[in-house]
Amino acid sequence: MFIKNNNTRAALIALLALGSAAAWPRVAAAETVLRIGMTAADIPRTLGQPDQGFEGNRFTGLTMYDALTSWDLSSADKASVVIPGLATEWKVDDADKTKWTFKLRPGVTFHDGSPFNADAVVWNVEKVLKQDAPQFDASQVGVTASRMPTLASAKKIDDMTVELTTKEPDSFLPINLTNLFMASPAKWQSFYDKAEGADAKAKSQAAWTAFAKSASGTGPWKMASFTPRERLELVKNPDYWNKARVPKVDKMVLLPMPEANARTAALLSGQVDWVEAPAPDALPELKQRGFKLYSNEQPHVWPWQFSRVEGSPWNDIRVRKAANLCVDREGLRDGLLAGLMVPASGTFEPGHPWRGNPTFQIKYDKAAAQKLMQEAGYGPNKKLTVKTQTSASGSGQMQPLPMNEYLQQALAECYFDVQLDVIEWNTLFTNWRRGAKDPSANGSHATNVTYAAMDPFFALVRFLQSGMAPPVSNNWGFINNPKFDELVKKARQTFDPAARDAALAELHAASVDDAAFLYVAHDVGPRAMSPKVTGVVQPKSWFIDFSPVSIAQ
């Protein structure tokens, strides 16, 4: 058939080609890759219990692993709350408040194909609590046991039920368990069986080293490749048990970039698609060039945590209050940080159920601060030397060097001589658990480690209870206040939510009235990313879910 009309002929050729194509092998779509610049100087540990603070949990914990309980990260508007994870339900025993029963999620498998069950839960509890267990790993204890200090043991009831026992009644346990990630016992055992070593302990260490290079959890992301200090590549787990959270992109590449300007430059040049904590002074250029900016107030505090050991200058409450009154937080927000913070007047702000009614109002009042310092014996000709240990970057540290230099200048006007001891973030975080008495403090009178305020233990208990002093947990400054201890016990042993909130509010108000910290800022978790990145939900949390994120080719 002779076709005169060229348009008709072209259409017919296209139609014939389309029909033929149906018989051709399908060409795979291009792999979608999301590249993220982290603030960490190294890849957080990958063996199941990350280091690098909660940045580690964000990138190598919640991605490759799950815990019995989880955080709901699905909303940018509602507070993030604890929801079922690998446990579907839990209940404290009515007769014995130290015993909890957890029902496990059926049908879940680890990345290596082995089943998740009660034996796996017991194994993972004992990896950090039972020193004579073959899989016990002392290197994982500090970042785990200190976050769930009352958990004593785990016992299998049946394949899908475990009983957890605490040292004392503890209503916080389900929240604390968000930090215990489930690693594959079968995968670890395969490495242990092949490991060389002089004894069982050496073989165990070798097995964990091998496991970190070829991790196996139950999470929505699986390890693809790992180069320490350089990059971690994760690929989506298409068989993830929660089908709504199977990742939208094929691969996610995590890159350590501790310096804010370097991260921002990498984003602008197209080396990465997403950066944590961009340089504040680059925000106008990022916006002008079409990059997306995300932020949201987080349950997070940027503080100085005071030493209360004998001889510390912070033992004088007048000095602690003066420091809190000498900082212009609004000026810090509107100037240096380009709006990327919320001024802190405590761990919780008005409207939060744990705020309470403190009588000491934290605000900028330089005259009042100077008066308090003069009453304490200081003035223009007699400065008080205080030394603070901080980091150059890391996790929720925001912009630690310029922020601390801002404080240094502000406090100088109230007769403080501030000295800064700047060290690497993960070292600072490790020192945090060693305490003000340890040589690692290097004579510092305060430490600048940011902290999460998502739950009662993280927000208050680990800092204020005397029994949480190192090496147990994060009472770095060795606070020993009987009133705090009494209120902690009251809150922990109260299982009615409203009554527990009231006890926590009383504890928080008491800590503000005591000026327990230098409260400076709440982070807003700023992130900048390419306009090709979509589906981002910035929750009111330190964490974020990467599963719904997409990227255009």
Side-chain angles (χ1 to χ4, degrees), residues 45-50 57 60-70 82-91 99-141 143-145 147-148 151-166 173-174 176-195 200 203-204 207-223 237 239-242 245:
R45 298 186 80 195
T46 57
L47 74 181
Q49 299 304 140
N57 282 26
T60 65
L62 296 168
T63 50
M64 293 185 287
Y65 299 93
D66 294 305
L68 293 178
T69 55
S70 302
V82 170
I83 58 174
L86 292 176
T88 57
E89 58 182 288
W90 50 89
K91 185 181 185 301
K99 296 189 182 301
W100 294 75
T101 300
F102 284 76
K103 295 289 187 181
L104 306 183
R105 189 175 299 278
V108 177
T109 58
F110 288 99
H111 297 155
D112 57 273
S114 61
F116 167 75
N117 51 31
D119 290 322
V121 175
V122 173
W123 188 93
N124 276 279
V125 169
E126 293 182 348
K127 77 183 178 186
V128 291
L129 291 187
K130 190 177 180 184
Q131 295 191 21
D132 60 351
Q135 74 274 19
F136 178 78
D137 182 13
S139 74
Q140 298 185 55
V141 172
V143 294
T144 311
R147 294 172 175 171
M148 47 181 203
L151 182 60
S153 63
K155 182 175 72 174
K156 174 182 177 179
I157 303 301
D158 58 44
D159 280 351
M160 290 289 108
T161 311
V162 292
E163 180 184 84
L164 301 184
T165 301
T166 56
L173 180 68
N176 298 160
L177 290 173
T178 59
N179 301 288
L180 180 63
F181 295 111
M182 297 291 146
S184 168
K187 186 68 174 285
W188 181 89
Q189 188 66 44
S190 70
F191 288 125
Y192 182 85
D193 292 342
K194 294 181 288 187
K203 289 186 62 177
S204 178
W208 278 117
T209 299
F211 188 96
K213 298 174 183 176
S214 181
S216 178
T218 63
W221 300 86
K222 300 192 292 186
M223 179 185 285
N237 176 11
D239 301 318
Y240 187 55
W241 56 266
N242 184 349
R245 290 192 58 228

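We use all heavy atoms of the structure for the numbers below, so side chains are in, but hydrogens, waters and symmetry mates are not. Note that the numbering runs from 1 along the sequence shown for the chain.
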Side-chain heavy atoms of Pro134 within contact of Lys203, under 4.5 Å: no
Under the 3.5 angstrom rule, does the side chain of Asn237 hit a backbone N or O of His111 as a donor-acceptor pair? no
Salt bridge or not between Lys103 and Glu89? Use side-chain N to carboxylate O under 4.0 Å. no
Tell me the closest heavy-atom pair linking Asn117 and Asp159, and the distance in Å. CB-O, 3.5 Å
What are the two closest heavy atoms between Phe191 and Ala210, and how far apart are they? CD2-CB, 3.5 Å
For Tyr192 and Ser204: C-alpha separation, side-chain torsions, deciding distance, then whether side-chain contact (heavy atoms from CB on, under 4.5 Å) applies. CA-CA 6 Å; Tyr192 182 85; Ser204 178; 4.3 Å; yes
Using atom types as modelled and distance alone, determine if a side-chain donor or acceptor of Gln140 lies under 3.5 Å from a backbone N or O of Gly48. no
Below 30° counts as parallel, above 60° as perpendicular, anything between as tilted: where do the rings of Phe211 and Trp208 land? perpendicular
Could you tell me if the side chain of Val162 sits less than 4.5 Å from the side chain of Lys155, heavy atoms only? no
Side-chain heavy atoms of Leu164 within contact of Leu151, under 4.5 Å: yes
Would you name the heavy atoms of Ala195 and Ala207 that are closest together and state the gap between them? CB-N, 4.4 Å
Does Trp241 reach the side chain of Asp66, with side-chain heavy atoms less than 4.5 Å apart? yes
Do you know the tightest heavy-atom contact between Ala118 and Lys156? CB-CG, 3.7 Å
Distance-only polar pair, side chains of Gln49 and Thr144, donor-acceptor under 3.5 Å: yes
Just do the side-chain contact (heavy atoms from CB on, under 4.5 Å) check on Leu47 and Trp188 with the steps written out, would you? CA-CA 10 Å; Leu47 74 181; Trp188 181 89; over 6 Å; no
Hey, mind stepping through Val121 and Leu68 against side-chain contact (heavy atoms from CB on, under 4.5 Å) and telling me if it holds? CA-CA 9 Å; Val121 175; Leu68 293 178; 4.0 Å; yes
Decide yes or no for Leu104 and Met160: does some side-chain heavy atom of the first lie under 4.5 Å from some side-chain heavy atom of the second? yes
Whether Phe116 and Phe110 hold their rings parallel, tilted or perpendicular, with breakpoints at 30° and 60°: perpendicular
Does Lys187 reach the main-chain N or O of Ser214 with its side chain, forming a donor-acceptor pair under 3.5 Å? yes
Grab the two heavy atoms, one from Ala67 and one from Leu180, that are nearest each other, plus how far apart they are. CB-O, 3.2 Å
Side chain to side chain, Thr165 and Trp100, heavy atoms closer than 4.5 Å: no
Would a distance-only check, ignoring hydrogens and angles, find a side-chain to backbone donor-acceptor pair under 3.5 Å from Arg105 to Gly85? yes
Taking atom types as modelled, find out whether Lys130 and Gln135 have a side-chain donor-acceptor pair closer than 3.5 angstrom. no
Hey, are Tyr65 and Asn124 close enough side-chain-wise for a donor-acceptor pair under 3.5 Å? no
Backbone N/O of Ser70 and side chain of Thr178: donor-acceptor pair under 3.5 Å: no
For the residue pair Asp137 and Val128, establish whether any side-chain heavy-atom pair is separated by less than 4.5 Å. no
Interatomic distance, OG@Ser216 vs CE@Met223, rounded to 0.5 Å, equals 10.0 Å
Going by distance alone, is a donor N or O of one side chain under 3.5 Å from an acceptor N or O of the other, for Arg45 and Ser139? yes
Measure the CZ-CG distance between Phe181 and Leu62 for me, rounded to the nearest 0.5 Å. 4.5 Å
Side chains of Asp193 and Ser190: do they bring a donor and an acceptor to under 3.5 Å? no
Less than 4.5 Å apart, any side-chain heavy atom of Asn57 and any of Asn179? yes
Which of Leu86, Asp239, Thr109 passes side chain to side chain contact (heavy atoms under 4.5 Å, CB included) with Thr218? Answer is Leu86
Looking at CZ of Arg147 and CG of Leu177, how far apart are the two atoms once the value is rounded to the nearest 0.5 Å? 13.0 Å
Which value, rounded to the nearest 0.5 Å, describes the distance between Met148 atom CE and Leu129 atom CG? 5.0 Å
